[in-house]
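Here's the structure we're looking at; comments come further down.
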Amino acid sequence: MEITKPYNPTETENKWYQYWLDKKFFKSTPDGRKPYTIVIPPPNVTGVLHMGHMLNNTIQDVLIRRARMLGFNACWVPGTDHASIATEAKVVKLLADKGIKKSDLTREEFLSHAWDWKDKYGGIILEQLKKLGASCDWDRTRFTMETDLSEAVIDVFIDLHKKKQIYRGVRMVNWDPQGLTAVSDEEVIHKEVNSKLFFVKYKIDEIADEWITIATTRPETILGDTAVCVHPEDERYKHLKGKHAVIPMVNRKVPIIFDDYITMEFGTGALKVTPAHDINDYNLGVKHKLEVIDTIAPNGKMSEAAKFYVGEDRFTVRKKIAKDLEELGHVVKIEDIKNKVGYSERTDAVIEPKLSMQWFLKMDGVSKPALENVLNNNIKLIPEKFVNTYKHWMENVHDWCISRQLWWGQRIPAWYDNKGNTVVCKTLAEAEQQLRTTNPELRTEDIRQDEDVLDTWFSSWLWPITVFDPKAIQTGFKNANADLKYYYPTNDLVTAPEILFFWVARMIIAGYEYCGEKPFTNVYLTGIVRDKQGRKMSKSLGNSPEPLELITKYGADGVRVGMLLCSPAGNDLMFDESHCEQGRNFWNKVWNASKLIKGFEVVVKEQPAASKVAITWFENKLAEQLEVINDHYSKYRMSDALMATYKLVWDDFCAWYLEIIKPEFIDGKAQPIDKTTYDATVGFLENLLKIMHPWMPFVTEEIWHLIKERNEKDCIIVAEWPKNEVKDRSILQMFDIVAETIAQVRSIRNSKNISPKQKLSLYLKAEKENVSTLFHDVIIKLSNLDKFELTGAKVENSVSFIVKQFEFFVPLEGSINKEEEKERLTKEIEYNKGFLKSVQIKLSNENFVAKAKPELIALERKKASDAEAKIKTLQEQLTSL
RNA sequence: GGGGGGUUAGCUCAGCUGGUUCAGAGCACCUGCCUUACAAGCAGGGGGUCACUGGUUCGAACCCAGUACUCCCCA
């Protein structure tokens, strides 16, 4: 096969991806090998591939492909998350577009629409991942709301309830008055807005003509005030101890309480306390046992309890009450301020803190092993800096509110009768039986199940367990199936730092609780993909490139390389398309190099000396760099591993090695290459392809098959990762000198405007016995010399340069500008003198000589003597000009 | 308000145990080349007060303290 065509990414990608699928290379079943396992962070079923997924999944694919080549039984489990809130919102919107209101549907009808939606769109993102080259075991694809996975979630709820870890209680939630549901903290977007700060005075009940002024941005909540709070140290209010304030309009007498929670500097230092409508006030209320008056109804309108403005919207009321209070003489002043207000991510309604009955999971006990095992490095966070954040969070963990006022999700298995009894169990029948023990007359139709579903994370925290064995929750880890026992604990988890607590920490908790073992060993935290201006990429900003278009434009390989070139672990990634361009250029380079090699005419003939030494050199270079690359991988320095690969291929292989062994043209005709060199070169190419494969799976597989005839299962995806044994490090050092020598000659050509085609002569001032001639032919070839000889003395009319201890001359009759040369030499002497001086200062410092390590001192001495020698040589050159 | 980071070349980032000619890489830029694999390329080159101030040390981009700016998480 000749490589003639330019590389066609789209065609090649489809071809090989299908081939890999057909040959079942992604498939994994337990066997005698060691497993290497990754479970995918399941993307939302609503999701379409965005740049964050691209980054995340590319990293996972690189890890899994390399593990596969290293001989592990590599298993990457894919799947999707039902994402209760996001999905329900999508479905609600879709129905609304069709003129159907959720409130007009029964739960069953709505869920049937939701499942239809899931079946239609739920798999899109996984199909998109295939375009990226993701080598997941698709037969293992899971969905968090599959019957048996859901059952596991319910089992866990019942189990934790039995263990008294789950309880029901009243808590403040983020209420979306438009969506009529509680939303989680992460779905609240805090925006800075311009507001008015109202200063309102309340009469002190016990003292005539005494007032206390509070400041608030939400005067409509005054109707629900049940206290006024000041700082205990605040001199202004000390005399009000034990007194009461009178809430305007409603004329309610409320206590004045003292708490150091108050910021004395803010407003007047006096805070109105509305436990029903502010989380901080609520906490104060709990602490000081205050009355709770809920004045705002779920739809955001004033409730009966408010007594005034009943049925009117809270924002209308804000204006009205401000006016009314002003007329009553209670408003002292109004200031403009900026403050942060929470908005619902999906309805954009202003979030209303609201008290409601919710289910909670106690976190203090279960979170212990999750903290310990991260602190003792049993589970590694990469980069390590996240351990601090993790620790802080785990030490201050709050109970987890696990109920959501939604329909799409696992419904809470709690059942209520008509007398206020509650039982937690799986089925209605069980509930009936249990409830009847205290309520014998209970009729089945009077039993109702909790309307709420569980938080999405309450299902995804079981992900690393249930993808392998959903029944394990029931059977216990000891009796789990073969899959779970083989693959668990998994190896690496690749995810975003913003879900370190929501998801990662909780998986660890569940892992220890239900398997008695960590769910994974390493957690690689990726950064957020941002645009060039540092803004998070998002649909609403319209600043995110369409990933599939990028793939079409630069090839999946190009995009993969582009993403990983600039993605330090844990740091945000400033994405720019030019990185993909660089990625594309890289596969193009590899393609062309392969084209060159494949195009050689091969004959059996004598091997040129230059080729022979180049092979020895590159053999060692490859091994040396592979060592470096493996080391980067072991530390999860992905960008570094990629860059080392990039330079090994581009600089060492293409720019140096191939240029050395490439046969010359004689009379316009390319000469054939000797078989020995050709075979070695193909061998190198094969190893390089293997090293590149995790980054660029498609182009490497294509070349792998073009460069040699292969049988059907001989694919690079399952090829063995190369070994790295450096046999001769001295040759590497020698080559560095050779490379610099060649660069110097090229530099002379450049500065003197000498064509690369014009042959030059080169002399090295040295005794024959002191110098190796190993690379002479290489220097001759790459510098395009007609002569390279040793000389005992300086060569007249020449440009000279020094590499290490070697002094070289390039005779250039007529084109030597003495003044220029003098200037150049003088500069170089000065530089070296300066350097020598700094070393000498160091060496004459008694403290340095006394305290520094002996090796270091020896090194400094050598630096000094080397510099002296160099200065001497340069000075000789200068004087002889 | 509490916690965790970051600040090194025009851009994106390395710099791992304080010590090698340590001030680096890639990209971008400049100069010259359409040299028979590749102009998506080749050869060569310029470019930084390591945010600022102080301290520790024989020695600091690196350790410590403070300041400024900035990002993230939690409330």
Side-chain angles (χ1 to χ4, degrees), chain A residues 3 6-7 185-186 190 261 263 266 279-280 283 340 383 385-393 395-398 497-501 527-528 530 532 534 536 554 558 565-568 570-576 578-579 581-600 631-632 635 637 639-640 642-644 646-647 650 654-655 658-659 662 664-665 668-670 742-751 753-757 782 784 831-832 834-835 838-839 841-853 855-857 859-860 862-863 866-867:
Chain A
I3 304 181
Y7 179 67
D185 292 341
E186 57 268 35
H190 294 275
Y261 158 78
T263 313
F266 182 79
I279 179 66
N280 299 306
N283 292 333
K340 281 196 172 174
K385 67 179 180 189
F386 285 106
V387 173
N388 280 338
T389 323
Y390 182 86
K391 178 168 177 263
H392 185 258
W393 189 78
E395 282 171 349
N396 298 283
V397 66
H398 300 281
E498 63 249 43
I499 55 173
L500 184 57
F501 312 126
I528 294 169
R530 298 174 174 279
K532 273 201 120 177
K536 195 169 170 171
Y554 300 103
L565 270 174
C566 55
S567 63
N571 279 0
D572 289 355
L573 175 151
M574 304 294 164
F575 181 79
D576 188 75
S578 66
H579 293 128
E581 206 177 312
Q582 195 182 347
R584 178 202 58 186
N585 293 355
F586 188 34
W587 60 245
N588 184 54
K589 183 75 183 175
V590 176
W591 181 256
N592 281 307
S594 309
K595 192 164 100 180
L596 170 72
I597 295 168
K598 190 65 200 168
F600 288 148
D631 184 56
H632 285 317
K635 291 169 182 153
R637 299 164 178 260
S639 299
D640 290 343
L642 173 57
M643 187 46 70
Y646 180 92
K647 286 200 260 192
W650 199 306
C654 294
L658 287 180
E659 290 303 325
K662 190 162 86 176
E664 281 166 308
F665 275 76
K669 196 172 170 295
I742 294 163
Q744 288 281 5
V745 177
R746 285 171 176 171
S747 179
I748 289 169
R749 284 184 191 276
N750 244 316
S751 63
N753 262 326
I754 301 166
S755 155
K757 287 176 185 164
L782 294 196
N784 194 23
Y831 173 81
N832 280 285
F835 172 67
S838 76
V839 176
I841 287 172
K842 224 186 226 183
L843 283 168
S844 60
N845 182 334
E846 277 173 38
N847 278 316
F848 174 74
V849 181
K851 294 183 185 176
K853 279 182 259 173
E855 309 92 86
L856 200 69
I857 295 167
L859 203 69
E860 292 296 320
K862 184 163 189 313
K863 276 199 255 174
D866 285 355

Separation between the [atom1] atoms of [N] and [M], rounded to whole Å:
N     : M     : atom1 : result
B/U53 : B/U7  : C1'   : 15 Å
B/G2  : B/U8  : P     : 27 Å
B/G46 : B/G10 : C1'   : 13 Å
B/A9  : B/G4  : P     : 27 Å
B/C30 : B/U36 : P     : 25 Å
B/C38 : B/C11 : P     : 35 Å
B/A14 : B/G54 : P     : 28 Å
B/A40 : B/C27 : P     : 15 Å

Looking across every strand, which nucleic acid part, if any, lies under 4.0 Å from [X] by heavy atom: base, sugar-phosphate, or nothing?
X      : result
A/N832 : base
A/A743 : sugar-phosphate
A/A593 : base
A/E395 : nothing

Nucleotides 27-32 of chain B: which of its N/O atoms have a protein N/O under 3.5 Å away?
unit_1	atom_1	unit_2	atom_2	d
B/C27	OP1	A/Y646	OH	3.4

Shortest non-hydrogen contact between A/V849 and A/L843, atoms and distance: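 Nearest heavy atoms, A/V849 then A/L843: CG2-O, 3.1 Å.
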Taking every heavy atom of A/H392 against every heavy atom of A/N396, the minimum-distance pair comes out as O-ND2, 2.7 Å
Passes side-chain contact (heavy atoms from CB on, under 4.5 Å), A/K662 versus A/E659? Steps please. CA-CA 5 Å; A/K662 190 162 86 176; A/E659 290 303 325; 3.4 Å; yes
Does [Y] offer a backbone N or O that forms a donor-acceptor pair with the side chain of [X] under 3.5 Å?
X      : Y      : result
A/N832 : A/A867 : no
A/N784 : A/K757 : yes
A/S747 : A/A743 : no

Taking for each residue the nucleotide of RNA chain B bearing the nearest heavy atom, is the 5' side occupied by A/T389 or by A/R746? A/T389
A/K647 or A/K669: which one's nearest nucleotide on RNA chain B is closer to the 5' end? A/K647
Please work out whether the ring planes of A/W393 and A/F501 are parallel, tilted or perpendicular, with thresholds of 30° and 60°. parallel
Would you please classify the geometry between the A/Y646 ring and the A/F586 ring as parallel, tilted or perpendicular, with 30° and 60° separating the classes? tilted
Using whole Å, what does the distance between atom [atom2] of nucleotide [N] and atom [atom1] of [X] come to?
X      : N     : atom1 : atom2 : result
A/R749 : B/C42 : CZ    : P     : 18 Å
A/D640 : B/C16 : CG    : C1'   : 10 Å
A/L658 : B/A43 : CG    : P     : 12 Å
A/R584 : B/C38 : CZ    : C1'   : 12 Å
A/I754 : B/C33 : CD1   : P     : 14 Å
A/F501 : B/C72 : CZ    : P     : 15 Å
A/Y390 : B/G5  : OH    : C1'   : 19 Å
A/K662 : B/U35 : NZ    : C1'   : 8 Å

For nucleotides 22-24 of chain B, give me every protein contact, N/O to N/O, under 3.5 Å, one pair per line with atom names.
none

Out of curiosity, A/R746 CZ to A/Q744 CD, how far, rounded to the nearest 0.5 Å? 12.0 Å
Between B/G5 and A/N388, is there an OP1 or OP2 to side-chain N/O distance shorter than 4.0 Å?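 Yes, because at least one side-chain N or O of A/N388 sits under 4.0 Å from OP1 or OP2 of B/G5.
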Side-chain N or O of A/K589 less than 4.0 angstrom from OP1 or OP2 on B/C42?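 Yes, A/K589 has a side-chain N/O under 4.0 Å of OP1/OP2 on B/C42.
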Check whether more than 12 heavy atoms from other residues, nucleotides or ligands sit under 6.0 Å from atom CD of A/E664, and answer yes or no.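 No, the 6.0 Å shell around CD holds no more than 12 heavy atoms from other groups.
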Donor/acceptor link under 3.5 angstrom from A/E659 side chain onto base of B/A37: yes
Partner nucleotide, any strand, of [N] [Watson-Crick/G-U, under 3.5 Å]:
N     : result
B/G1  : B/C74
B/G66 : B/C52
B/G41 : B/C33

Quick check: do A/N588 and A/Y7 have side-chain heavy atoms less than 4.5 Å from each other? no
Under 4.5 Å between any side-chain heavy atoms of A/R637 and A/D631, yes or no? no
According to a cutoff of under 5.5 Å between the ring centres and under 30° between the ring planes, does A/F665 stack with the base of B/U36?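 Stack criterion met.
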If you check the A/N592 side chain, which of B/G45, B/C38, B/A40 turns out closest? B/C38
